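Here is the structure we will look at, set down as structure tokens.
Because only heavy atoms are used, hydrogens play no part in the values below, and waters and symmetry mates are left out as well, while side chains stay in. Just so it is clear, the model here is predicted, and its values are computed rather than measured. A, B, ... follow the sequence lines: proteins, then strands. Residue 1 opens every chain.
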Amino acid sequence: HVAYTNLIDSLFKTGSAWEAFVFQNQMIVRGITFDLVLCTALMDGLFKSGQPREAEEMFHILSELNLIPNNIAYTVLIDGRCKLGDMKGGESLLKEMHKKLAKPTVVTYASIINGYARKGMLDEAVNVMKRMLEQNIAPNAYIYAILIRGFFKDGRSELASELYEEVRRSGLQLNNFILDALVNSSKRGGKMEAAEGLFKEMNSGGLLLDCINYTSLMDGLFKAGNESGALAIAEEMRQKGVKFD
RNA sequence: UAUCUAGACAAAGACUG
């Protein structure tokens, strides 16, 4: 039932894995059949609540239920493995997808790219993006954000900047994470003018700046002694009614 | 008979500690 799926999914998402388990058992008692969407939600919740063993088990149970994993089910499993640093495990599932009817999507690749990026294996991450392109899957701003942030964090800001130029040229709508990464890098280099420039550019470029974008810039301006500049940003925030988090 | 329609997936983003 969809109601159960929604309930269990949101219980996991609010950190109540234990309650989710209770309802899962209730479904069994009432003889409600598990469908693929529910099983996928369970796998995802189990991974995110630190129960990878059980999540993997759920994947195996799929065949017992005569359910065929689709791209989302695979992606959840891949993401779970990659977040635990098991890149070989993630890659082997990706190969498996190609043999089956489950076509990888940009989300699937994002999980793998992020896995490598977390490990500081950025060249490998870029390689995965190339493989993705060969599959005719276009990268999105999300993918670029992962890579740009990764390269900055790794101290390779030249490559981060190159990727930034690449997204810009692509015409994709930039996102808040990309701006954040760029502004942080400028802040660290003591280049507040550059940070302000990027900020204004994206502000007028169709990106809806969020709370972190504003407060991050304000932080930099304050620390650079530019109080009036910081206050002007605060005023703009208020005028635009930016949501606080 | 056919098409559309619900629920599941990707980012250790700023400051502070």
Side-chain angles (χ1 to χ4, degrees), chain A residues 1-13 20 23-24 27 32 34-48 55 58-59 62 67 69-85 90 93-94 97 102-120 125 128-129 132 137 139-153 160 174-188 192 195 199 207 209-223 230 233-234 237 242 244-245:
Chain A
H1 228 126
V2 176
Y4 268 107
T5 305
N6 278 324
L7 180 61
I8 290 176
D9 183 52
S10 53
L11 283 173
F12 269 122
K13 289 189 164 89
F23 283 104
Q24 185 188 340
M27 288 183 76
I32 299 172
F34 284 36
D35 69 2
L36 183 59
V37 174
L38 172 65
C39 291
T40 306
L42 286 168
M43 280 178 26
D44 187 51
L46 288 167
F47 266 122
K48 288 175 177 156
M58 182 59 62
F59 189 75
L62 292 181
L67 296 173
N70 62 9
N71 57 63
I72 299 184
Y74 271 106
T75 301
V76 167
L77 196 61
I78 287 173
D79 185 59
R81 289 184 181 183
C82 290
K83 285 215 168 85
L84 293 172
L93 284 171
L94 180 60
M97 288 179 81
K103 281 204 194 315
T105 66
V106 66
V107 177
T108 314
Y109 280 96
S111 291
I112 294 186
I113 289 171
N114 187 44
Y116 282 119
R118 278 184 182 226
K119 296 192 137 194
V128 175
M129 182 168 81
M132 181 178 77
I137 299 174
N140 57 19
Y142 207 110
I143 298 271
Y144 278 105
I146 294 170
L147 291 172
I148 290 172
R149 188 144 62 92
F151 275 116
F152 273 131
K153 196 163 76 179
L174 302 176
N175 67 28
N176 303 98
F177 283 75
I178 293 175
L179 174 59
D180 184 61
L182 294 165
V183 167
N184 282 334
S185 163
S186 297
K187 275 163 69 175
R188 282 193 294 267
M192 283 313 297
F199 188 90
L207 176 64
L209 304 183
D210 65 17
C211 183
I212 291 188
N213 293 141
Y214 277 104
T215 55
S216 174
L217 183 67
M218 282 173 56
D219 169 66
L221 291 171
F222 265 123
K223 287 179 177 164
I233 298 294
M237 228 179 140
V242 178
F244 287 63
D245 58 8

**Message:** Using atom C1' in both nucleotides, what's the gap between B:U1 and B:A6 to the nearest angstrom?
**Reply:** 24 Å
**Item:** Rounded interatomic separation in angstrom, taking CG from A:Asp210 and P from B:A11
**Value:** 16 Å
**Message:** Taking atom types as they are modelled, would you say the side chain of A:Asn70 forms a donor-acceptor pair with the base of B:A8 within the 3.5 Å cutoff?
**Reply:** yes
**Prompt:** Residues two or more places apart in sequence or in another chain: which of them pass side chain to side chain contact (heavy atoms under 4.5 Å, CB included) with A:Ile212?
**Reply:** A:Asp180, A:Asp210, A:Asp245
**Prompt:** NA contact type, A:Thr215, heavy-atom cut-off 4.0 Å: base, sugar-phosphate, or nothing?
**Reply:** base
**Item:** Nearest-Å distance for atom pair CG/P, residues A:Asn184 and B:A14
**Value:** 6 Å
**Message:** Are the side chains of A:Lys83 and A:Arg118 in contact, using a 4.5 Å heavy-atom criterion?
**Reply:** yes
**Item:** A:Tyr142 side-chain N/O to B:A11 phosphate OP1/OP2 under 4.0 Å
**Value:** yes
**Prompt:** Rounded to the Å, how far apart are A:His1 NE2 and B:G7 P?
**Reply:** 14 Å
**Prompt:** Under 4.0 Å between a side-chain N/O of A:Lys223 and OP1 or OP2 of B:U16, yes or no?
**Reply:** yes
**Flag, side chain of A:Asn213 to backbone of A:Asn176, donor-acceptor distance under 3.5 Å** = yes
**Message:** Please classify the nucleic acid contact of A:Ser216 as base, sugar-phosphate, or nothing, using heavy-atom distances under 4.0 Å.
**Reply:** sugar-phosphate
**Request:** Determine the contact category for A:Ala181: base if any of its heavy atoms lies under 4.0 Å from a base atom, sugar-phosphate if only primed atoms, P, OP1 or OP2 are that close, otherwise nothing.
**Result:** nothing
**Prompt:** Which is true for A:Lys153 with a 4.0 Å heavy-atom rule: it touches a base, it touches only sugar-phosphate, or it touches nothing?
**Reply:** nothing
**Listed nucleotide nearest any side-chain atom of A:Lys13, set B:C9, B:A10, B:A6** = B:C9
**Request:** Give me the one residue out of A:Val37, A:Thr75, A:Leu36 that meets side-chain contact (heavy atoms from CB on, under 4.5 Å) with A:Asn70.
**Result:** A:Leu36
**Message:** For a quick check of understanding: with a heavy-atom distance under 4.0 Å over all strands, which category does A:Ala41 fall into, base, sugar-phosphate or nothing?
**Reply:** sugar-phosphate
**Request:** Can you tell me the distance, in whole Å, between the CG atom of A:Asp35 and the P atom of B:A6?
**Result:** 14 Å
**Prompt:** To the nearest Å, how far apart are A:Asp79 CG and B:A8 P?
**Reply:** 16 Å
**Message:** Check this for me: does the side-chain of A:Asn71 come within 3.5 Å of the base of B:A8 through a donor and an acceptor?
**Reply:** no
**Item:** Check: A:Asn6 main-chain N/O paired with A:Ser10 side-chain donor or acceptor under 3.5 Å
**Value:** yes
**Fill in**
Rounded to whole Å, the CG-P distance (A:Asn175 to B:A10) equals 15 Å
**Prompt:** What's the closest nucleotide to the A:Asn140 side chain, out of B:A10, B:G7, B:C9?
**Reply:** B:A10
**Request:** Using whole Å, report how far CZ of A:Phe177 lies from C1' of B:A11.
**Result:** 5 Å
**Item:** Partners passing ring-ring contact (aromatic ring centres under 6.0 Å, His included) against A:Tyr214 (at least two apart in sequence or in another chain)
**Value:** A:Phe199
**Asked** Of the nucleotides B:A12, B:C15, B:G7, which one has an atom closest to the side chain of A:Asn6?
**Response** B:G7
**Asked** If you measure from the C1' atom in B:A12 to the same atom in B:G17, how many Å do you get, rounded?
**Response** 16 Å
**Message:** Does A:Ile72 reach a base, just sugar-phosphate, or nothing at all? Heavy atoms under 4.0 Å.
**Reply:** base
**Asked** A:Asn114 CG to B:A12 P: how many Å, rounded?
**Response** 4 Å
